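Nothing here was measured: the structure is a model prediction, and the numbers come from that model. Proteins come first, then strands; the chains are lettered A, B, ... in the order of their sequence lines, and each starts at number 1.
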Amino acid sequence: MNAALPILALFTLLALALGLYARRGHDMGLEGWAVGGRGFGPILVFLLLAGEIYTTFTFLGASGFSYGSGAPAYYIIAYGALAYVLGYFLLPAVWRVGQANKLVSQPDFFVHQYDSPALGVLVAIVDILALIPYLVLQLTGLGIIVSLASYGAIDKAVAIWIGAVIVTLYIVASGVRGSAWTAVVKDIMILAIVVFLGLYLPYHLYGGIGAMFAKINTAKPGFLVFPASGQSIWWFATTVLLTSLGFFMWPHSLGACFTARSANVFRKNAIALPIYQLILLFVYFVGFAAVLSVPGLKGAATNLALFKIVIAQFPPWFVGLVGAVGILTALVPGSLIAMTAATLTARNLYGLARPDAKDDEIVNVAKAFVPVIMLIAVYFTLSGSSTIVSLLLVGYSFVTQLFPALVASFFPQIGVTKQGAFAGIAAGVLMSAWLTFTGQSVGKLMPFLPQAIKDFNVGIIALALNVIIMVAVSAVTARKALQPARS
Amino acid sequence: MRPVYWIALIPFVGILAGPVLHNHVHPFILGMPFPLGWVSVWLVITAVLMAVLYALDPANAGE
């Protein structure tokens, strides 16, 4: 047995124990389970929102993307900061509506704002379609991490099954509190490990960060700046803007907003989160350090860059420690995603079919849905082979379509009706799906345009269609629509 | 819209302007290629701007 295995086992059990312990002394009714009784202070809300930064996407995806693509990876560090600026205004407004009307899920918000249960069903379906790839992403990352960190002693599939069982156990037991308390351990550990790796590897292998970039620039000219076409500066600018709009549209991010005990929590977090985002630089440094020291990884194998360089440079016990951090970056967001998907399935789909269902029944149905959702995610994880970044972009393209209707709901004078919101979201999501699964780009669709516009993120098309349809249908239905219940 | 809220637009322009206007490796910023160094510095500037906005925002005076 290698030295990594006991460390991996220890931290996996620690995550499970913390997750189960989190329920002590707390009521686990629907509000306690799904939104922590709306009593979380700045630190726990910060960790739930910051948990979005440090998932396996960050750990493996950001390092792998910088290793494989170079400059285009810079978008990951940029969009979060702009999302927090938006969050300064958006989250307190959403929180107030949630607090006043006892909302527990993102579809609840749309149902309330537009007085439309049908819109809630549509949003719940969009959410589930986006959350499953995101959960698959976490499990894919978990399989890679455990398999590599255990030097192949634990098979990927076994790791994925163990992870799914642990997440199911502590989410069913503790709900959002389980995620929040495990996030405390995860973020402390990942800060220490990522900063250490991001400084040690460039200095040890190249003599410094500047020296590392200078050597990469000599060996691979153009790798550290944006290409003239394709993932160019215009792709960067439009991708940063689009993903910053989508950042808080993830149902588990908006759901985390309902856990706060005051609106001020979000405004304070908007100051701290951009600084926290800087830790991503150290993940980049690890990916860039691997460019010349473990060359040759292509496609989905670029996800392995961080672990390949760690295994090459460190003893097994340290590889086990890095693997343990990696496990937590999969389990914490994975648990929040599974809980959110189960909550909105129970509340907004089952609850619509049984409108007289009490909260106790809804929370029991939600808990029953957790293993179902995990099984679906495990199935897609074991049968897929996508890169981690591509999985995230599919989910992002879907949830971003909720942004126009959500913002419009705060401005009744714009006159967006429930029919307009429904049609806009449906058109945007269908267009996103078509663009994504047929591999379209602005350049392919409109080859006559200038190169700069051809490089725009193709998601712009879906979002533009969404807004046009939303406004047009609202104009047609405005006089017939019931007065919305906006607040 | 309160005039103080215009502060929030500055990071959108600042973060994107550097890479768009100067897509070159040199000059390095803090040992990093120009676009990455620029964005990193702007993360700190964004945090400072949000702190200024928070301090000036009447919504924070007195839940």
Under a 4.5 Å heavy-atom cut-off, does chain B meet the side chain of Leu281(A), its backbone, both or neither? side chain
With side chains defined as the heavy atoms from C-beta onward, is the minimum distance between Phe34(B) and Val225(A) less than 4.5 Å? no
To the nearest 0.5 Å, atom CZ of Phe288(A) lies from atom CE of Met32(B) at 11.0 Å
So which atom in Ile15(B) and which in Ala78(A) form the shortest heavy-atom distance, rounded to 0.1 Å? CG2-CB, 3.8 Å
Looking at Leu30(B), Val20(B), Val39(B), which one has more heavy-atom pairs under 4.5 Å with chain A than the rest? Val20(B)
Chain A contact via Val25(B) - side chain, backbone, both or neither, heavy atoms under 4.5 Å: both
Do the non-hydrogen side-chain atoms of Pro11(B) and Leu82(A) ever get within less than 4.5 Å of each other? yes
Could you tell me the separation between the CG atom of Leu43(B) and the CD1 atom of Ile279(A), rounded to the nearest 0.5 Å? 10.5 Å
Going by the side chain to side chain donor-acceptor pair (under 3.5 Å) test, which pairs reach into residues 222-234 of chain A, not counting sequence neighbours? Ser232(A)-Asp455(A)
Contact part of Leu241(A) toward chain B, heavy-atom cut-off under 4.5 Å: side chain, backbone, both or neither? side chain
Side chain, backbone, both or neither: which part of Val85(A) has a non-hydrogen atom closer than 4.5 Å to chain B? both
Phe28(B), part contacting chain A, at a heavy-atom distance under 4.5 Å: side chain
Whether Asn23(B) side chain and Phe226(A) backbone form a donor-acceptor pair below 3.5 Å: yes
When rounded to the nearest 0.5 angstrom, what distance separates OH in Tyr79(A) from CG in Leu16(B)? 14.5 Å
Rounded to the nearest 0.5 Å, how far does NE2 of His26(B) lie from CG of Leu224(A)? 9.0 Å
Any side-chain heavy-atom pair from Ser40(B) and Leu278(A) closer than 4.5 angstrom? yes
Which pair of non-hydrogen atoms, one from Ala81(A) and one from Thr46(B), has the smallest distance, and what is that distance? O-CG2, 4.3 Å
Nearest 0.5 Å please: distance from the CD1 atom of Ile271(A) over to the OH atom of Tyr54(B). 6.5 Å
Top residue by heavy-atom pair count (under 4.5 Å) with chain A, among Gly31(B), Ala8(B), Pro35(B)? Gly31(B)
Value rounded to 0.5 Å, distance of OH in Tyr5(B) from OH in Tyr88(A): 6.0 Å
